[in-house]
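Here is the structure we will look at.
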Amino acid sequence: MAYAPARYIDLHALHPVPASLLNRGEDNEPKTLLLGGSVRAMVSSQSWKRPIRLDMEEQLDEHALRTRRLPPLVAKILCEAGWPHDLAAYAGAQVARSANAKGLRTEEKQGGIITSATLYMPRDVLAEMADLCQEHRTALEEARIQEAAAADKPKSSRKKKEDGGPAVLPTRTVAALIRRRTATINLFGRMLAELSGGQVDGAVQMAHAFSVHQSDPQPDYFTTTEDWPDKDEAGSAHLQTGFFTSGTLYRYTTVNLTELVRNLGGDEKQALNLLGLFTEAFIETMPRAKKTSTAPHTLPHLVAYAVRDRRPVSYAAAFEKPVKHAHGGGHTLPAVNALSQHAGALNRLIGARRRIAHGYATVQDTPVDHLGTAHDSFEELTDALTEAAAQPSPSRAAA
């Protein structure tokens with residue numbers, strides 16, 4: 001069998017963003033990082049991944065759920081179906097208890113109804129869990145009565161209770177439901193160490209976005225007016241100083257198409273479809289923090305891609321030295337030049353042997369060197385990169 005190297009699709013974006021607070025830290029101020037001796041605005045990869053995931057789920061009409069509240073969520077569905085509250089709560093707890101031999105760990109300080117680990121699974125699993133409880137209602141009622149009777153016995157006569165008692169629901173079925181995946185779980189991965197076979201290695205790697213130039217947080221003093229003041233009252237009902245940042249961000253992500261195909265059980269067609277949807281979402285989505293008071297709904301000035309074998313390549317080093325604004329103002333065009341020059345240097349250093357294709361699309365009407373084929377639109381770019389991603393690697397073709 002011929003060796004087939006991993007296939008990566010790199011995406012780079014230069015994205016001008018006006019006054020905004022896309023991602024804030026624990027001090028409620030914009031996140032920043034120190035790079036090349038200059039303070040830069042930063043947007044964490046997590047805060048951009050989430051809107052991308054939600055956008056893709058909306059497009060696919062296939063929603064996932066992150067929660068530590070699986071037991072009470074199942075119990076709520078059962079209560080709505082007419083179950084007594086105590087029996088519904090017991091059944092919900094049994095969902096976590098029956099997931100494996102020892103049960104999922106829960107937080108005792110919160111009544112044992114919150115799982116220690118955050119579960120990530122299809123949203124419709126909740127209804128299927130409730131259906132499973134309905135199917136085994138008699139067994140759950142009997143087990144509940146037995147536990148209540150055992151609790152009434154003197155402590156000296158009780159049997160030692162290990163691992164939360166025996167599982168009432170079928171472990172194999174409960175585990176299979178929790179292990180279920182959606183398209184976005186296959187794409188972004190899942191941490192689930194407590195359940196064998198539940199872990200999914202993510203096919204997407206995403207870097208923190210950062211401004212290509214120095215960008216210190218800027219204060220924004222604001223007030224809220226009291227519309228019904230007392231006769232002798234003057235001034236505002238609320239005074240505060242917020243902070244925002246602005247500038248041109250460099251954004252980078254890469255998709256391991258080989259890993260994605262593996263997660264999808266070998267379905268290359270679905271992998272390419274997800275790659276296209278992910279590319280569109282990467283280009284178009286924005287983090288949602290403070291959107292009602294900043295409306296930072298811009299699009300990237302430039303998006304570039306490269307389809308590579310063996311390893312991905314980021315262009316972040318192009319901006320270790322902060323970009324200076326152009327004569328007359330603006331950081332975006334100098335950023336395009338810095339990106340082009342850095343891509344050209346890397347092309348010379350590593351060559352094109354493992355690069356299957358590359359290209360770009362941009363707002364500006366002048367060509368950009370060293371980024372490959374120029375595409376007229378983001379839609380054309382998306383189609384081109386998914387088509388290139390499906391091409392066999394040179395080593396495979398030669399075999």
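The figures that follow rest on heavy atoms only: side chains count, while hydrogens, waters and symmetry mates do not.
- Below 30°, between 30° and 60°, or above 60°: for His213 and His331 the angle between ring planes is below 30°, a parallel geometry.
- Atom CG of Leu249 sits about 7.0 Å away from atom CG of Leu22, to the nearest 0.5 Å.
- Counting heavy-atom neighbours within 6.0 Å of Glu380 CD, excluding the residue itself, gives a total above 12.
- Residue pairs meeting the salt bridge (Lys or Arg N to Asp or Glu O under 4.0 Å) criterion with at least one member in residues 242-260, sequence neighbours excluded, are Glu259-Arg262.
- Between the side chains of Tyr8 and Gln205, no donor N or O sits under 3.5 Å from an acceptor N or O.
- Checked for salt-bridge contact, Glu128 and Arg180 meet the test: a charged N lies under 4.0 Å from a carboxylate O.
- Annotation: salt bridge (charged side-chain N to carboxylate O under 4.0 Å, His left out) contacts of Glu62 (sequence neighbours excluded): none.
- We find the NE2-CG distance between His325 and Leu333 to be 13.5 Å, quoted to the nearest 0.5 Å.
- Residues that satisfy the ring-ring contact (aromatic ring centres under 6.0 Å, His included) test with His358, not counting sequence neighbours, are absent from this structure.
- There is no side-chain donor-acceptor pair under 3.5 Å between Asp216 and Gln218.
- Taking CD of Gln134 as the reference point, atom CD1 of Ile77 lies at 10.5 Å (rounded to 0.5 Å).
- For Phe244, there are no ring-ring contact (aromatic ring centres under 6.0 Å, His included) partners at least two apart in sequence or on another chain.
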Inset, instruction - Would you check, one step at a time, whether the test side chain to side chain donor-acceptor pair (under 3.5 Å) holds for Ser44 with Asn23? - result: CA-CA 7 Å; Ser44 71; Asn23 189 204; 3.0 Å; yes
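- Using modelled atom types and a 3.5 Å distance limit, the side chains of Gln364 and Thr366 yield a donor-acceptor pair.
- Atoms OG and CG, on Ser215 and Leu33 in that order, are 10.5 Å from each other to the nearest 0.5 Å.
- Using a 4.5 Å heavy-atom threshold, the side chains of Ile185 and Thr182 count as touching.
- Residues Asp55 and Thr285 have side chains that never bring a donor and an acceptor to within less than 3.5 angstrom of each other.
- Under the 4.5 Å side-chain criterion, counting only non-hydrogen atoms from C-beta, Val336 is in contact with Val368.
- Using modelled atom types, no side-chain atom of Thr184 and backbone atom of Arg53 make a donor-acceptor pair closer than 3.5 Å.
- Two residues are said to be in side-chain contact when any heavy atoms from C-beta on lie closer than 4.5 Å; Thr115 and Arg105 fail this criterion.
- Looking only at side-chain heavy atoms (C-beta outward), Thr298 and Pro18 come within less than 4.5 Å of each other.
- A salt bridge links Glu107 with Arg68: at least one charged nitrogen is closer than 4.0 Å to a carboxylate oxygen.
- Here the OG1-CG distance, from Thr294 to Asp220, works out to 10.5 Å after rounding to the nearest 0.5 Å.
- Tyr305 pairs by the ring-ring contact (aromatic ring centres under 6.0 Å, His included) definition with His375, not counting sequence neighbours.
- Judged as a side chain to side chain donor-acceptor pair (under 3.5 Å), and not counting sequence neighbours, the contacts of Ser98 are Gln94.
- In terms of modelled atom types and a separation under 3.5 Å, the side chain of Arg190 and the main chain of Gly198 share a donor-acceptor contact.
- Distance check: Arg24 CZ to Ser47 OG gives 11.0 Å after rounding to the nearest 0.5 Å.
- The number of heavy-atom neighbours closer than 6.0 Å to CZ of Arg181, taken from other residues, nucleotides and ligands shown, is above 12.
- Side-chain atoms of Thr279 and Thr382 include no donor-acceptor pair closer than 3.5 Å.
- Each of Leu87, Leu78, Val168 was scored for a side chain to side chain contact (heavy atoms under 4.5 Å, CB included) with Cys133, with one residue passing: Leu78.
- Arg355 and Asn347 form a side-chain donor-acceptor contact under 3.5 Å, judged by distance and modelled atom types alone.
- Counting heavy atoms of neighbouring residues, nucleotides and ligands inside a 6.0 Å radius, atom NE2 of His85 does not exceed 12 of them.
- For Ile356 against Ala388, the heavy-atom pair with the smallest separation is CG2-O, 3.9 Å.
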